[in-house]
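In what follows, a structure is listed as structure tokens, so that the remarks can point back to it.
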Protein chains: 2
Amino acid sequence: MGRPRAFDEATAVASAAALFASRAYDGISVDDLVNHLGVHRNSLYQTFGSKRGLYLRALRWHLDEQVRPALRRNATFDNGLDFLLLAATERAPADPEVATEITRILAEFDEALTAPATSALLGDHLRARLSR
Amino acid sequence: MGRPRAFDEATAVASAAALFASRAYDGISVDDLVNHLGVHRNSLYQTFGSKRGLYLRALRWHLDEQVRPALRRNATFDNGLDFLLLAATERAPADPEVATEITRILAEFDEALTAPATSALLGDHLRARLSR
DNA sequence: CCCGTTGTTGACTGATCGTTCCTAAACTCG
DNA sequence: CGAGTTTAGGAACGATCAGTCAACAACGGG
């Protein structure tokens, strides 16, 4: 019961993931999220608890719905590693939960490919990101 | 003439480079820099113009004094790629001058090594950074 | 010795940060 | 058509941000 949500939670998480993949965590304000998602400030806090809560939800969604499926199918990642890359370099050192997620997914990369292949893949995507 | 400086500019730049290598640009406040360098706020602004001015000075110092010498000697980089790595993933997309510096140094890497070797090197250091 | 110049110092500015409060609106159930 | 519950919406919070201002201190040259 109660008033129904005016936004789709899954859509909001996906949209947040796209935004978090584009700039550093501290470079994205809650106002930016509000504008980009079209969801009002209070709804975000009620649904996700905090900016960090939304970030973690978005990161896990990115890994579960974009990275892992591509890894299983041995498909290409296209731009689909940007969030992972940014989280690994910028956020993991500052947030233990992010570090845990990144460490886990990289272990899965090592298992599916090899450690050198994982490093090469990360390096390639880092460089590709510079040309975009 | 005039009052002499109470701090060494080169030392301040090196110290700023160490700090900028540790966290994202927006995660480092001018107060952080003031505390870490032991140089007072106004002296930083008088000498470097702005936070971004100091960042660019520190990045160029890092590349000129730490990265390029090691690249010429074919030596190991140890932790000496952290600032480059962070600048490439986090700052280059937001700051054209940073992007220029990063593009240039990576071209030098490609020349000294090969493009795949550069990617592998970057990927390896990205992963090594996670375990520190 | 005093004047011009440069550096130091700490208080201060408006803007923006993440987060919260409160009221109104939209729904379900009785 | 209320009563109860959940969300939307906008205004507001204290904290912190990058950057500035004006008074004072330390030097060199005349």
Item to complete: State whether the number of non-hydrogen atoms from other residues, nucleotides or ligands found under 6.0 Å of B/Arg132 atom CZ is greater than 12.
Response: yes
What is the distance from [atom1] of [X] to [atom2] of [N], rounded to the nearest Å?
{"X": "B/Glu9", "N": "C/dG7", "atom1": "CD", "atom2": "C1'", "value": "13 Å"}
{"X": "A/Phe48", "N": "D/dA8", "atom1": "CZ", "atom2": "P", "value": "11 Å"}
{"X": "A/Leu33", "N": "C/dT19", "atom1": "CG", "atom2": "P", "value": "11 Å"}
{"X": "A/Tyr25", "N": "C/dC17", "atom1": "OH", "atom2": "C1'", "value": "11 Å"}
{"X": "A/Tyr55", "N": "C/dT19", "atom1": "OH", "atom2": "P", "value": "15 Å"}
{"X": "B/Arg52", "N": "D/dC17", "atom1": "CZ", "atom2": "C1'", "value": "18 Å"}

Discussion item. Under 6.0 Å between ring centres: does that hold for A/Phe77 and A/Phe83?
Written reply: no
May I ask you to say what [X] touches in the nucleic acid, namely base, sugar-phosphate or nothing, with a heavy-atom cut-off under 4.0 Å?
{"X": "B/Ile28", "value": "sugar-phosphate"}
{"X": "B/Val30", "value": "sugar-phosphate"}
{"X": "A/Ser50", "value": "sugar-phosphate"}

Discussion item. Listing request: all salt bridge (Lys or Arg N to Asp or Glu O under 4.0 Å) pairs with a residue in residues 2-18 of chain B, at least two apart in sequence or in separate chains.
Written reply: B/Arg5-B/Glu9, B/Glu9-B/Arg57
Discussion item. If you apply the rule side chain to side chain contact (heavy atoms under 4.5 Å, CB included), what do you find for B/Arg127 with B/Leu122, and how did you get there?
Written reply: CA-CA 9 Å; B/Arg127 303 203 56 174; B/Leu122 293 174; over 6 Å; no
Fill in: Cation-pi geometry met for A/Lys51 and A/Tyr25 (6.0 Å, 45°)
yes
Discussion item. Looking at C/dT8, I'd like to know if its phosphate oxygens (OP1 or OP2) sit under 4.0 Å from a side-chain N or O belonging to B/Ser43.
Written reply: yes
Item to complete: Ignoring backbone atoms, test whether B/Ser29 places a side-chain nitrogen or oxygen under 4.0 Å from the OP1 or OP2 oxygen of D/dT16.
Response: no
Worksheet item: Of B/Lys51 and A/Gln46, whose closest DNA chain D nucleotide lies nearer the 5' terminus?
Response: A/Gln46
Item to complete: Specify the residue among A/Leu44 and B/Asp31 whose closest nucleotide of DNA chain D lies further upstream toward the 5′ end.
Response: A/Leu44
Item to complete: May I ask you to test the A/Glu90-B/Thr89 pair for a side-chain heavy-atom distance under 4.5 Å?
Response: no
Fill in: A/Phe20 side chain near A/Arg91 side chain, heavy-atom distance below 4.5 Å
no
Fill in: Letter per nucleotide, 5' to 3', of nucleotides 20-30 of chain C [B base touched, S only sugar-phosphate touched, - untouched; heavy atoms, 4.0 Å]
BBB--BBBS--
Practice prompt. Would you indicate which nucleotide in D/dT6, C/dT8, D/dG9 comes nearest to any side-chain atom of A/His40?
Written response: D/dG9
